[in-house]
Protein chains: 2
Amino acid sequence: MDYSYSEHKQCYVALDCIIFGFDRKDLKLLLIKRNFEPRKGDWSLMGGFLESDESLDEAASRILSSLTGLKDIYLEQLKGFGKVDRDPVARTISVAYYALINLNDHDKNLLPEFGAKWFPIDELPNLIFDHEEMVSLAKARLRHKASNQPVGFELLPDTFTLPELQQLYEAIYETSLDKRNFRRRILSMNVLEKTDKKQKKYSKKGAYLYKFDEDKYSEQKNKNGGTKMMFKPPKV
Amino acid sequence: MDYSYSEHKQCYVALDCIIFGFDRKDLKLLLIKRNFEPRKGDWSLMGGFLESDESLDEAASRILSSLTGLKDIYLEQLKGFGKVDRDPVARTISVAYYALINLNDHDKNLLPEFGAKWFPIDELPNLIFDHEEMVSLAKARLRHKASNQPVGFELLPDTFTLPELQQLYEAIYETSLDKRNFRRRILSMNVLEKTDKKQKKYSKKGAYLYKFDEDKYSEQKNKNGGTKMMFKPPKV
DNA sequence: GCAAAAGTGTTACGAATACACCCATGA
DNA sequence: TCATGGGTGTATTCGTAACACTTTTGC
(Lines give C-alpha, C1' and ligand atoms only; values in the text may rest on other atoms or scores of the structure.)
Protein backbone atom coordinates (compact mmCIF):
# COMPACT_ATOMS: atom_id res chain seq x y z
CA MET A 1 0.00 0.00 0.00
CA ASP A 2 1.09 3.45 -0.78
CA TYR A 3 0.54 6.28 1.59
CA SER A 4 2.10 9.19 -0.19
CA TYR A 5 -0.63 11.59 -1.13
CA SER A 6 1.22 13.27 -3.96
CA GLU A 7 1.44 10.07 -5.94
CA HIS A 8 -2.31 9.95 -6.27
CA LYS A 9 -4.52 11.75 -8.70
CA GLN A 10 -6.89 14.33 -7.42
CA CYS A 11 -10.38 14.49 -8.75
CA TYR A 12 -13.22 16.98 -9.13
CA VAL A 13 -15.80 16.67 -6.42
CA ALA A 14 -19.28 17.82 -7.30
CA LEU A 15 -22.45 18.06 -5.25
CA ASP A 16 -25.90 17.45 -6.66
CA CYS A 17 -29.09 18.33 -4.86
CA ILE A 18 -32.35 16.45 -5.19
CA ILE A 19 -34.80 19.05 -4.02
CA PHE A 20 -38.23 17.83 -3.02
CA GLY A 21 -40.97 20.34 -2.53
CA PHE A 22 -44.52 20.03 -1.34
CA ASP A 23 -47.23 22.57 -2.04
CA ARG A 24 -49.97 21.13 0.19
CA LYS A 25 -51.01 18.95 -2.64
CA ASP A 26 -48.28 17.46 -4.80
CA LEU A 27 -44.74 16.38 -4.28
CA LYS A 28 -42.40 18.06 -6.73
CA LEU A 29 -38.79 18.16 -7.75
CA LEU A 30 -36.80 21.24 -8.65
CA LEU A 31 -34.73 20.93 -11.83
CA ILE A 32 -32.73 23.33 -13.94
CA LYS A 33 -32.19 23.54 -17.63
CA ARG A 34 -28.56 23.39 -18.65
CA ASN A 35 -27.47 26.43 -20.58
CA PHE A 36 -24.08 25.12 -21.66
CA GLU A 37 -22.62 22.16 -23.46
CA PRO A 38 -22.61 19.23 -23.25
CA ARG A 39 -26.30 18.40 -23.05
CA LYS A 40 -27.28 22.05 -23.28
CA GLY A 41 -31.05 22.38 -22.94
CA ASP A 42 -31.42 19.14 -21.01
CA TRP A 43 -32.72 19.04 -17.48
CA SER A 44 -30.47 18.41 -14.57
CA LEU A 45 -30.28 18.47 -10.82
CA MET A 46 -28.84 21.53 -9.18
CA GLY A 47 -25.17 21.06 -8.69
CA GLY A 48 -21.83 22.66 -8.14
CA PHE A 49 -18.32 21.93 -7.05
CA LEU A 50 -16.73 21.47 -3.68
CA GLU A 51 -14.50 24.37 -2.71
CA SER A 52 -11.49 23.95 -0.54
CA ASP A 53 -12.76 25.84 2.48
CA GLU A 54 -16.03 24.01 2.98
CA SER A 55 -17.20 20.58 4.06
CA LEU A 56 -19.44 18.47 1.86
CA ASP A 57 -22.46 19.43 3.93
CA GLU A 58 -21.57 23.10 3.73
CA ALA A 59 -21.05 22.90 -0.01
CA ALA A 60 -24.43 21.29 -0.51
CA SER A 61 -26.07 24.02 1.58
CA ARG A 62 -24.26 26.71 -0.30
CA ILE A 63 -25.32 25.34 -3.66
CA LEU A 64 -28.89 24.95 -2.56
CA SER A 65 -29.07 28.43 -1.20
CA SER A 66 -27.21 30.08 -4.04
CA LEU A 67 -29.68 28.64 -6.48
CA THR A 68 -32.85 29.07 -4.50
CA GLY A 69 -32.08 31.80 -1.99
CA LEU A 70 -33.16 29.49 0.80
CA LYS A 71 -31.21 28.95 3.96
CA ASP A 72 -31.62 26.48 6.81
CA ILE A 73 -33.20 23.87 4.67
CA TYR A 74 -33.25 20.28 5.74
CA LEU A 75 -30.53 18.52 3.78
CA GLU A 76 -29.21 15.01 4.06
CA GLN A 77 -26.49 13.17 2.23
CA LEU A 78 -27.76 10.49 -0.08
CA LYS A 79 -24.72 8.79 -1.55
CA GLY A 80 -21.50 9.30 -3.43
CA PHE A 81 -21.63 8.53 -7.13
CA GLY A 82 -18.38 7.60 -8.73
CA LYS A 83 -18.55 5.74 -12.03
CA VAL A 84 -15.48 6.52 -14.10
CA ASP A 85 -17.35 8.03 -17.03
CA ARG A 86 -20.37 9.43 -15.24
CA ASP A 87 -19.34 12.93 -16.28
CA PRO A 88 -18.15 13.18 -19.88
CA VAL A 89 -16.22 16.38 -19.32
CA ALA A 90 -13.75 15.31 -16.67
CA ARG A 91 -13.38 12.69 -14.02
CA THR A 92 -15.75 13.88 -11.33
CA ILE A 93 -17.33 12.18 -8.41
CA SER A 94 -20.54 13.59 -7.11
CA VAL A 95 -22.00 13.46 -3.66
CA ALA A 96 -25.75 13.71 -3.84
CA TYR A 97 -27.85 15.39 -1.17
CA TYR A 98 -31.57 15.59 -0.87
CA ALA A 99 -33.57 18.43 0.52
CA LEU A 100 -37.15 18.81 1.64
CA ILE A 101 -38.77 22.16 1.28
CA ASN A 102 -42.11 23.60 1.85
CA LEU A 103 -43.41 25.46 -1.17
CA ASN A 104 -46.04 27.41 0.65
CA ASP A 105 -43.60 29.24 2.85
CA HIS A 106 -41.18 29.84 0.06
CA ASP A 107 -42.69 29.71 -3.36
CA LYS A 108 -42.69 33.44 -3.98
CA ASN A 109 -38.97 33.89 -3.92
CA LEU A 110 -38.10 30.68 -5.70
CA LEU A 111 -37.11 29.32 -9.04
CA PRO A 112 -37.34 32.16 -11.58
CA GLU A 113 -33.58 32.23 -11.97
CA PHE A 114 -31.41 29.75 -13.82
CA GLY A 115 -34.27 28.24 -15.73
CA ALA A 116 -35.35 26.32 -12.69
CA LYS A 117 -38.69 24.58 -12.73
CA TRP A 118 -40.76 22.43 -10.40
CA PHE A 119 -41.84 19.10 -11.85
CA PRO A 120 -44.46 16.81 -10.36
CA ILE A 121 -42.59 13.82 -9.04
CA ASP A 122 -44.31 11.45 -11.42
CA GLU A 123 -43.75 13.53 -14.53
CA LEU A 124 -40.03 14.06 -14.63
CA PRO A 125 -38.18 14.74 -17.87
CA ASN A 126 -35.04 12.86 -18.84
CA LEU A 127 -32.06 13.98 -16.84
CA ILE A 128 -28.38 14.20 -17.67
CA PHE A 129 -25.61 11.88 -16.54
CA ASP A 130 -26.58 9.65 -13.64
CA HIS A 131 -29.09 12.11 -12.24
CA GLU A 132 -32.04 9.81 -12.79
CA GLU A 133 -30.37 7.20 -10.67
CA MET A 134 -29.87 9.81 -7.98
CA VAL A 135 -33.49 10.80 -8.08
CA SER A 136 -34.84 7.32 -7.87
CA LEU A 137 -32.56 6.55 -4.97
CA ALA A 138 -33.68 9.73 -3.26
CA LYS A 139 -37.32 8.80 -3.71
CA ALA A 140 -36.68 5.41 -2.17
CA ARG A 141 -34.82 7.03 0.68
CA LEU A 142 -37.58 9.50 1.33
CA ARG A 143 -40.14 6.72 1.45
CA HIS A 144 -37.96 4.74 3.72
CA LYS A 145 -37.45 7.67 6.01
CA ALA A 146 -41.14 8.42 6.08
CA SER A 147 -41.88 4.85 7.08
CA ASN A 148 -39.65 4.96 10.14
CA GLN A 149 -40.18 8.42 11.45
CA PRO A 150 -42.61 11.25 11.03
CA VAL A 151 -40.97 12.96 8.11
CA GLY A 152 -42.77 15.80 6.59
CA PHE A 153 -42.27 18.45 9.13
CA GLU A 154 -39.64 19.98 6.93
CA LEU A 155 -42.02 19.90 4.02
CA LEU A 156 -44.87 21.63 5.76
CA PRO A 157 -45.40 25.10 7.20
CA ASP A 158 -44.97 25.58 10.93
CA THR A 159 -48.59 24.77 11.43
CA PHE A 160 -50.49 22.40 9.24
CA THR A 161 -53.62 20.34 9.26
CA LEU A 162 -53.87 16.59 9.39
CA PRO A 163 -55.42 16.37 5.93
CA GLU A 164 -52.38 18.23 4.63
CA LEU A 165 -50.00 15.87 6.37
CA GLN A 166 -51.91 12.96 4.97
CA GLN A 167 -51.62 14.36 1.49
CA LEU A 168 -47.89 14.56 1.91
CA TYR A 169 -47.69 10.91 2.88
CA GLU A 170 -49.93 9.99 0.01
CA ALA A 171 -47.66 11.87 -2.35
CA ILE A 172 -44.56 10.21 -0.97
CA TYR A 173 -46.01 6.74 -1.23
CA GLU A 174 -47.99 7.45 -4.36
CA THR A 175 -51.06 5.85 -2.92
CA SER A 176 -54.13 6.75 -0.93
CA LEU A 177 -54.56 6.15 2.77
CA ASP A 178 -57.43 5.64 5.13
CA LYS A 179 -58.17 8.87 6.97
CA ARG A 180 -59.02 7.30 10.30
CA ASN A 181 -56.08 4.95 10.42
CA PHE A 182 -53.71 7.68 9.34
CA ARG A 183 -54.84 10.02 12.07
CA ARG A 184 -54.69 7.41 14.73
CA ARG A 185 -51.16 6.43 13.87
CA ILE A 186 -49.76 9.90 13.47
CA LEU A 187 -51.34 11.11 16.67
CA SER A 188 -50.19 8.05 18.58
CA MET A 189 -46.63 9.02 17.78
CA ASN A 190 -47.09 11.81 20.22
CA VAL A 191 -45.14 14.45 18.41
CA LEU A 192 -47.99 16.69 17.29
CA GLU A 193 -49.56 19.42 19.27
CA LYS A 194 -53.05 20.57 18.43
CA THR A 195 -53.62 24.30 18.34
CA ASP A 196 -57.01 25.90 18.74
CA LYS A 197 -56.87 27.55 15.37
CA LYS A 198 -58.50 26.39 12.24
CA GLN A 199 -57.37 26.52 8.67
CA LYS A 200 -60.30 27.43 6.46
CA LYS A 201 -58.65 27.73 3.10
CA TYR A 202 -59.64 24.35 1.87
CA SER A 203 -62.99 23.65 3.41
CA LYS A 204 -65.94 25.38 4.90
CA LYS A 205 -65.77 23.59 8.17
CA GLY A 206 -62.09 24.24 8.57
CA ALA A 207 -59.44 21.88 9.88
CA TYR A 208 -57.52 22.22 13.10
CA LEU A 209 -53.95 23.35 12.78
CA TYR A 210 -51.29 21.28 14.46
CA LYS A 211 -47.72 22.01 15.19
CA PHE A 212 -44.75 19.81 15.54
CA ASP A 213 -43.29 19.41 19.00
CA GLU A 214 -39.53 19.25 18.52
CA ASP A 215 -38.84 18.04 22.03
CA LYS A 216 -41.24 15.16 21.88
CA TYR A 217 -39.89 14.35 18.45
CA SER A 218 -36.27 13.97 19.43
CA GLU A 219 -37.35 12.08 22.51
CA GLN A 220 -39.11 9.58 20.28
CA LYS A 221 -36.22 9.35 17.86
CA ASN A 222 -33.68 8.47 20.50
CA LYS A 223 -35.86 5.87 22.08
CA ASN A 224 -34.45 2.91 20.22
CA GLY A 225 -31.17 4.54 19.34
CA GLY A 226 -32.86 5.50 16.11
CA THR A 227 -33.33 1.98 14.80
CA LYS A 228 -36.06 -0.49 15.34
CA MET A 229 -34.69 -3.90 16.14
CA MET A 230 -35.79 -6.89 14.24
CA PHE A 231 -36.34 -8.69 17.52
CA LYS A 232 -37.06 -7.50 20.93
CA PRO A 233 -34.71 -8.86 23.54
CA PRO A 234 -36.36 -11.11 26.12
CA LYS A 235 -37.27 -9.58 29.44
CA VAL A 236 -35.05 -11.95 31.47
CA MET B 1 -23.21 29.70 -11.11
CA ASP B 2 -19.98 28.69 -12.67
CA TYR B 3 -19.70 25.68 -14.82
CA SER B 4 -16.10 25.71 -15.91
CA TYR B 5 -14.41 22.73 -14.36
CA SER B 6 -10.91 24.10 -14.52
CA GLU B 7 -11.77 26.96 -12.20
CA HIS B 8 -12.45 24.54 -9.39
CA LYS B 9 -10.02 22.86 -7.09
CA GLN B 10 -9.60 19.18 -7.29
CA CYS B 11 -9.33 17.16 -4.15
CA TYR B 12 -7.96 13.83 -2.94
CA VAL B 13 -10.59 11.15 -2.74
CA ALA B 14 -9.95 8.37 -0.28
CA LEU B 15 -11.86 5.23 0.49
CA ASP B 16 -12.08 3.73 3.95
CA CYS B 17 -13.40 0.27 4.68
CA ILE B 18 -15.20 -0.77 7.82
CA ILE B 19 -14.71 -4.51 7.74
CA PHE B 20 -17.00 -6.56 9.93
CA GLY B 21 -16.16 -10.19 10.51
CA PHE B 22 -17.98 -12.95 12.30
CA ASP B 23 -16.35 -16.10 13.61
CA ARG B 24 -19.48 -18.01 14.63
CA LYS B 25 -19.28 -16.32 17.95
CA ASP B 26 -18.28 -12.69 18.00
CA LEU B 27 -18.58 -9.76 15.72
CA LYS B 28 -15.24 -8.16 14.99
CA LEU B 29 -13.68 -5.31 13.13
CA LEU B 30 -10.47 -5.41 11.13
CA LEU B 31 -8.07 -2.53 11.81
CA ILE B 32 -4.52 -1.74 10.83
CA LYS B 33 -1.74 -0.04 12.69
CA ARG B 34 -0.38 2.99 10.90
CA ASN B 35 3.31 2.68 10.17
CA PHE B 36 3.88 6.26 9.03
CA GLU B 37 3.36 9.74 10.28
CA PRO B 38 1.18 11.44 11.31
CA ARG B 39 -0.37 9.29 14.03
CA LYS B 40 2.12 6.49 13.43
CA GLY B 41 1.30 3.52 15.63
CA ASP B 42 -2.36 4.46 15.96
CA TRP B 43 -5.11 2.23 14.70
CA SER B 44 -7.05 3.05 11.60
CA LEU B 45 -9.52 1.67 9.11
CA MET B 46 -8.16 0.22 5.93
CA GLY B 47 -8.02 2.86 3.32
CA GLY B 48 -6.56 4.01 0.07
CA PHE B 49 -7.03 6.49 -2.71
CA LEU B 50 -9.29 6.58 -5.70
CA GLU B 51 -7.41 6.02 -8.95
CA SER B 52 -8.52 7.53 -12.20
CA ASP B 53 -9.55 4.33 -13.94
CA GLU B 54 -11.89 2.96 -11.30
CA SER B 55 -15.27 3.76 -9.84
CA LEU B 56 -15.75 4.31 -6.13
CA ASP B 57 -17.13 0.81 -5.74
CA GLU B 58 -14.23 -0.67 -7.64
CA ALA B 59 -11.71 1.26 -5.60
CA ALA B 60 -13.24 0.05 -2.36
CA SER B 61 -13.11 -3.54 -3.60
CA ARG B 62 -9.54 -3.16 -4.72
CA ILE B 63 -8.46 -1.76 -1.38
CA LEU B 64 -10.26 -4.46 0.52
CA SER B 65 -8.78 -7.22 -1.57
CA SER B 66 -5.30 -5.78 -1.71
CA LEU B 67 -5.20 -5.71 2.06
CA THR B 68 -6.93 -8.98 2.80
CA GLY B 69 -6.54 -11.05 -0.35
CA LEU B 70 -10.31 -11.50 -0.45
CA LYS B 71 -12.41 -11.02 -3.55
CA ASP B 72 -16.15 -10.95 -4.06
CA ILE B 73 -16.87 -9.66 -0.64
CA TYR B 74 -20.13 -7.96 0.14
CA LEU B 75 -19.44 -4.25 0.20
CA GLU B 76 -21.79 -1.33 0.50
CA GLN B 77 -21.25 2.38 0.51
CA LEU B 78 -21.84 4.01 3.86
CA LYS B 79 -21.38 7.72 3.37
CA GLY B 80 -19.04 10.40 2.15
CA PHE B 81 -17.08 12.22 4.84
CA GLY B 82 -15.94 15.68 3.99
CA LYS B 83 -15.04 17.95 6.87
CA VAL B 84 -12.41 20.43 5.79
CA ASP B 85 -9.78 19.37 8.29
CA ARG B 86 -10.65 15.73 8.66
CA ASP B 87 -7.27 14.75 7.24
CA PRO B 88 -4.39 16.85 8.57
CA VAL B 89 -2.10 16.06 5.64
CA ALA B 90 -4.13 17.39 2.77
CA ARG B 91 -7.69 18.19 1.89
CA THR B 92 -9.19 14.79 1.34
CA ILE B 93 -12.71 13.57 1.27
CA SER B 94 -13.31 9.97 2.10
CA VAL B 95 -16.06 7.67 1.00
CA ALA B 96 -16.57 4.96 3.58
CA TYR B 97 -17.68 1.44 2.67
CA TYR B 98 -18.56 -1.41 4.95
CA ALA B 99 -17.94 -5.06 4.33
CA LEU B 100 -19.23 -8.22 5.91
CA ILE B 101 -16.99 -11.21 5.93
CA ASN B 102 -17.12 -14.66 7.32
CA LEU B 103 -14.04 -15.47 9.32
CA ASN B 104 -14.49 -19.21 9.22
CA ASP B 105 -14.16 -19.45 5.49
CA HIS B 106 -11.31 -17.02 5.35
CA ASP B 107 -9.38 -16.65 8.53
CA LYS B 108 -6.34 -18.61 7.47
CA ASN B 109 -5.31 -16.31 4.67
CA LEU B 110 -6.17 -13.10 6.46
CA LEU B 111 -4.62 -10.29 8.37
CA PRO B 112 -0.96 -11.15 9.02
CA GLU B 113 0.20 -8.42 6.70
CA PHE B 114 0.20 -4.70 7.35
CA GLY B 115 -0.18 -5.08 11.07
CA ALA B 116 -3.84 -5.86 10.67
CA LYS B 117 -5.76 -7.14 13.64
CA TRP B 118 -9.30 -8.21 14.44
CA PHE B 119 -10.90 -6.41 17.38
CA PRO B 120 -14.10 -7.44 19.13
CA ILE B 121 -16.68 -4.86 18.19
CA ASP B 122 -17.10 -3.73 21.77
CA GLU B 123 -13.40 -3.36 22.52
CA LEU B 124 -12.13 -1.04 19.85
CA PRO B 125 -9.06 1.13 20.34
CA ASN B 126 -9.03 4.83 19.54
CA LEU B 127 -8.95 5.48 15.83
CA ILE B 128 -7.42 8.23 13.75
CA PHE B 129 -9.18 11.12 12.07
CA ASP B 130 -12.93 10.64 11.80
CA HIS B 131 -12.72 6.86 11.69
CA GLU B 132 -14.61 6.38 14.93
CA GLU B 133 -17.51 8.30 13.51
CA MET B 134 -17.40 6.04 10.47
CA VAL B 135 -17.44 2.93 12.61
CA SER B 136 -20.31 3.98 14.75
CA LEU B 137 -22.31 4.90 11.70
CA ALA B 138 -21.51 1.54 10.15
CA LYS B 139 -22.65 -0.26 13.27
CA ALA B 140 -25.92 1.61 13.19
CA ARG B 141 -26.32 0.84 9.52
CA LEU B 142 -25.63 -2.83 10.03
CA ARG B 143 -28.23 -2.99 12.76
CA HIS B 144 -30.69 -1.17 10.64
CA LYS B 145 -30.06 -3.47 7.72
CA ALA B 146 -30.39 -6.52 9.89
CA SER B 147 -33.73 -5.30 11.15
CA ASN B 148 -35.24 -5.01 7.69
CA GLN B 149 -33.82 -7.95 5.88
CA PRO B 150 -32.08 -11.18 6.69
CA VAL B 151 -28.55 -9.92 6.75
CA GLY B 152 -25.93 -12.30 7.83
CA PHE B 153 -25.71 -14.51 4.85
CA GLU B 154 -22.56 -12.74 3.85
CA LEU B 155 -21.16 -13.20 7.31
CA LEU B 156 -21.75 -16.91 7.53
CA PRO B 157 -20.41 -19.92 5.65
CA ASP B 158 -22.49 -21.42 2.84
CA THR B 159 -24.19 -23.64 5.32
CA PHE B 160 -24.80 -22.68 8.90
CA THR B 161 -26.98 -23.63 11.80
CA LEU B 162 -29.76 -21.62 13.31
CA PRO B 163 -27.94 -21.19 16.62
CA GLU B 164 -25.05 -19.69 14.65
CA LEU B 165 -27.34 -17.30 12.84
CA GLN B 166 -28.88 -16.32 16.13
CA GLN B 167 -25.47 -15.60 17.59
CA LEU B 168 -24.78 -13.29 14.70
CA TYR B 169 -27.96 -11.35 15.37
CA GLU B 170 -27.17 -11.24 19.04
CA ALA B 171 -23.72 -9.87 18.25
CA ILE B 172 -25.14 -7.25 15.92
CA TYR B 173 -27.72 -6.09 18.42
CA GLU B 174 -25.55 -6.66 21.44
CA THR B 175 -28.35 -8.40 23.24
CA SER B 176 -29.75 -11.86 23.74
CA LEU B 177 -32.77 -13.22 21.94
CA ASP B 178 -35.38 -15.84 22.58
CA LYS B 179 -34.54 -19.01 20.68
CA ARG B 180 -38.08 -19.97 19.79
CA ASN B 181 -39.14 -16.56 18.62
CA PHE B 182 -35.97 -16.13 16.65
CA ARG B 183 -36.39 -19.41 14.81
CA ARG B 184 -40.00 -18.78 14.03
CA ARG B 185 -39.32 -15.37 12.57
CA ILE B 186 -36.29 -16.32 10.56
CA LEU B 187 -37.95 -19.41 9.15
CA SER B 188 -41.12 -17.52 8.34
CA MET B 189 -39.09 -15.30 6.04
CA ASN B 190 -38.88 -18.23 3.78
CA VAL B 191 -35.36 -17.75 2.57
CA LEU B 192 -33.70 -20.65 4.34
CA GLU B 193 -33.47 -24.19 3.13
CA LYS B 194 -32.88 -26.97 5.59
CA THR B 195 -30.33 -29.60 4.61
CA ASP B 196 -30.28 -33.08 6.07
CA LYS B 197 -26.80 -32.65 7.46
CA LYS B 198 -25.89 -31.85 10.99
CA GLN B 199 -23.12 -29.75 12.41
CA LYS B 200 -21.66 -31.49 15.43
CA LYS B 201 -18.80 -29.20 16.28
CA TYR B 202 -20.58 -27.38 19.02
CA SER B 203 -22.88 -29.87 20.60
CA LYS B 204 -23.35 -33.56 21.06
CA LYS B 205 -26.77 -33.61 19.60
CA GLY B 206 -25.74 -31.60 16.56
CA ALA B 207 -27.68 -28.84 14.81
CA TYR B 208 -29.16 -29.00 11.35
CA LEU B 209 -27.33 -27.07 8.68
CA TYR B 210 -29.29 -24.63 6.60
CA LYS B 211 -28.45 -22.85 3.45
CA PHE B 212 -29.59 -19.60 2.06
CA ASP B 213 -31.88 -19.67 -0.97
CA GLU B 214 -30.81 -16.75 -3.14
CA ASP B 215 -33.87 -16.90 -5.37
CA LYS B 216 -36.34 -16.79 -2.53
CA TYR B 217 -34.28 -14.04 -0.98
CA SER B 218 -34.37 -11.65 -3.90
CA GLU B 219 -38.04 -12.47 -4.35
CA GLN B 220 -38.69 -11.34 -0.80
CA LYS B 221 -36.57 -8.25 -1.15
CA ASN B 222 -38.40 -6.95 -4.18
CA LYS B 223 -41.79 -7.54 -2.68
CA ASN B 224 -42.33 -4.05 -1.35
CA GLY B 225 -39.84 -2.38 -3.60
CA GLY B 226 -37.39 -2.85 -0.80
CA THR B 227 -39.13 -0.59 1.67
CA LYS B 228 -41.85 -1.26 4.12
CA MET B 229 -44.50 1.40 4.02
CA MET B 230 -45.55 3.19 7.10
CA PHE B 231 -49.14 2.56 6.14
CA LYS B 232 -50.79 0.01 4.03
CA PRO B 233 -52.99 1.50 1.37
CA PRO B 234 -56.69 0.72 1.79
CA LYS B 235 -58.19 -2.04 -0.28
CA VAL B 236 -60.51 0.42 -2.02
C1' DG C 1 -26.80 -41.30 33.71
C1' DC C 2 -25.82 -36.73 33.13
C1' DA C 3 -24.33 -32.50 31.18
C1' DA C 4 -24.94 -29.51 27.20
C1' DA C 5 -26.90 -27.81 23.42
C1' DA C 6 -30.89 -28.45 19.97
C1' DG C 7 -35.37 -28.40 19.15
C1' DT C 8 -40.46 -27.53 19.73
C1' DG C 9 -45.99 -25.18 20.78
C1' DT C 10 -49.36 -22.32 22.97
C1' DT C 11 -51.34 -18.41 25.09
C1' DA C 12 -51.82 -13.43 25.58
C1' DC C 13 -51.40 -8.96 24.10
C1' DG C 14 -51.14 -5.08 21.24
C1' DA C 15 -50.94 -2.96 16.74
C1' DA C 16 -52.81 -2.60 12.15
C1' DT C 17 -56.73 -2.98 9.28
C1' DA C 18 -61.34 -2.59 7.48
C1' DC C 19 -65.16 -0.12 7.56
C1' DA C 20 -69.61 4.10 7.65
C1' DC C 21 -71.62 7.74 9.60
C1' DC C 22 -72.15 12.55 11.70
C1' DC C 23 -70.47 17.54 11.89
C1' DA C 24 -69.74 22.32 10.64
C1' DT C 25 -70.00 25.76 7.39
C1' DG C 26 -70.32 28.84 3.26
C1' DA C 27 -72.58 29.36 -0.72
C1' DT D 1 -80.56 23.11 2.09
C1' DC D 2 -77.03 21.04 0.28
C1' DA D 3 -72.44 20.18 -1.15
C1' DT D 4 -67.86 19.88 0.63
C1' DG D 5 -64.35 18.47 3.31
C1' DG D 6 -63.38 17.48 8.53
C1' DG D 7 -63.83 14.57 12.10
C1' DT D 8 -64.79 10.19 14.89
C1' DG D 9 -65.26 4.59 16.96
C1' DT D 10 -65.27 -0.41 16.79
C1' DA D 11 -64.77 -5.25 15.58
C1' DT D 12 -61.44 -8.25 13.55
C1' DT D 13 -57.13 -9.96 12.23
C1' DC D 14 -52.44 -10.76 12.53
C1' DG D 15 -47.95 -10.45 14.19
C1' DT D 16 -44.98 -10.37 18.30
C1' DA D 17 -43.74 -11.61 22.94
C1' DA D 18 -43.71 -14.50 26.78
C1' DC D 19 -42.86 -18.67 28.46
C1' DA D 20 -40.82 -24.45 29.86
C1' DC D 21 -40.12 -28.81 28.70
C1' DT D 22 -38.31 -32.81 25.71
C1' DT D 23 -34.64 -34.77 22.68
C1' DT D 24 -30.15 -36.34 21.40
C1' DT D 25 -25.73 -37.95 22.29
C1' DG D 26 -20.77 -37.93 23.79
C1' DC D 27 -18.52 -38.51 27.83
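Just so it is clear, the model here is predicted, and its values are computed rather than measured. Here is how names work: the chains are called A, B, and so on, in the same order as the sequence lines, proteins then strands, and each is numbered from 1.
- If you take CD1 of B/Ile186 and C1' of D/dG15, they are 15 Å apart, rounded to a whole angstrom.
- Annotation for A/Tyr208: atom OH does not count as buried by contact number, only 12 or fewer foreign heavy atoms lying within 6.0 Å.
- Under 4.0 angstrom from either OP1 or OP2 of C/dG7 there lies at least one side-chain N or O belonging to B/Arg183.
- Protein atom CG of A/Asn181 is 16 Å distant from nucleotide atom P of D/dT13, rounded to whole Å.
- Which of C/dA6, C/dC19, D/dG6 sits closest to the side chain of A/Pro163 comes down to D/dG6.
- Both tests do not hold together for A/Lys83 against A/Phe81: distance to the six-membered ring centre under 6.0 Å, angle to the ring axis within 45°.
- The shortest distance between the side-chain N/O atoms of A/Lys200 and the OP1/OP2 oxygens of C/dG26 is below 4.0 Å.
- Residues A/Leu78 and A/Asp16 are not in side-chain contact: their nearest non-hydrogen atoms beyond the backbone lie 4.5 Å or more apart.
- As a whole-Å value, the separation of B/Leu209 CG from C/dA5 P is 18 Å.
- Across the protein-nucleic acid pair, A/Leu187 atom CG and D/dG7 atom P stand 10 Å apart, rounded to whole Å.
- When distances run from any side-chain atom of B/Lys204 to the nucleotides D/dG6, C/dA3, C/dG9, the shortest one goes to C/dA3.
- In this structure, the CG atom of A/Leu165 is 13 Å from the P atom of D/dG6, given to the nearest Å.
- We find that CG of B/Leu162 is positioned 13 Å from C1' of C/dA5, with the value rounded to whole Å.
- The structure places CG of A/Leu15 at 4.0 Å from CD1 of A/Ile63, a figure rounded to the nearest 0.5 Å.
- Rounding to whole angstrom units, CZ of residue B/Phe182 and P of D/dG15 are separated by 19 Å.
- For a distance-only test at 3.5 Å, the side chain of A/Lys205 fails to qualify as a donor-acceptor partner of the base of C/dA24.
- Between B/His131 and B/Phe129, the ring planes are perpendicular. Angles over 60° get that label, and only those under 30° would be called parallel.
- Comparing B/Glu164 and A/Ser203, the nucleotide of DNA chain C nearest to each residue sits closer to the 5' end for B/Glu164.
- Remark: C1' of C/dT8 and CG of B/Asp178 are 12 Å apart, rounded to the nearest angstrom.
- A donor-acceptor contact under 3.5 angstrom links the side-chain atoms of B/Arg184 to the base of C/dG9.
- Note on A/Arg180: every side-chain N or O is 4.0 Å or more away from OP1 and OP2 of C/dA18.
- A close approach under 4.0 Å does not occur between any side-chain nitrogen or oxygen of A/Lys179 and OP1 or OP2 of D/dT8.
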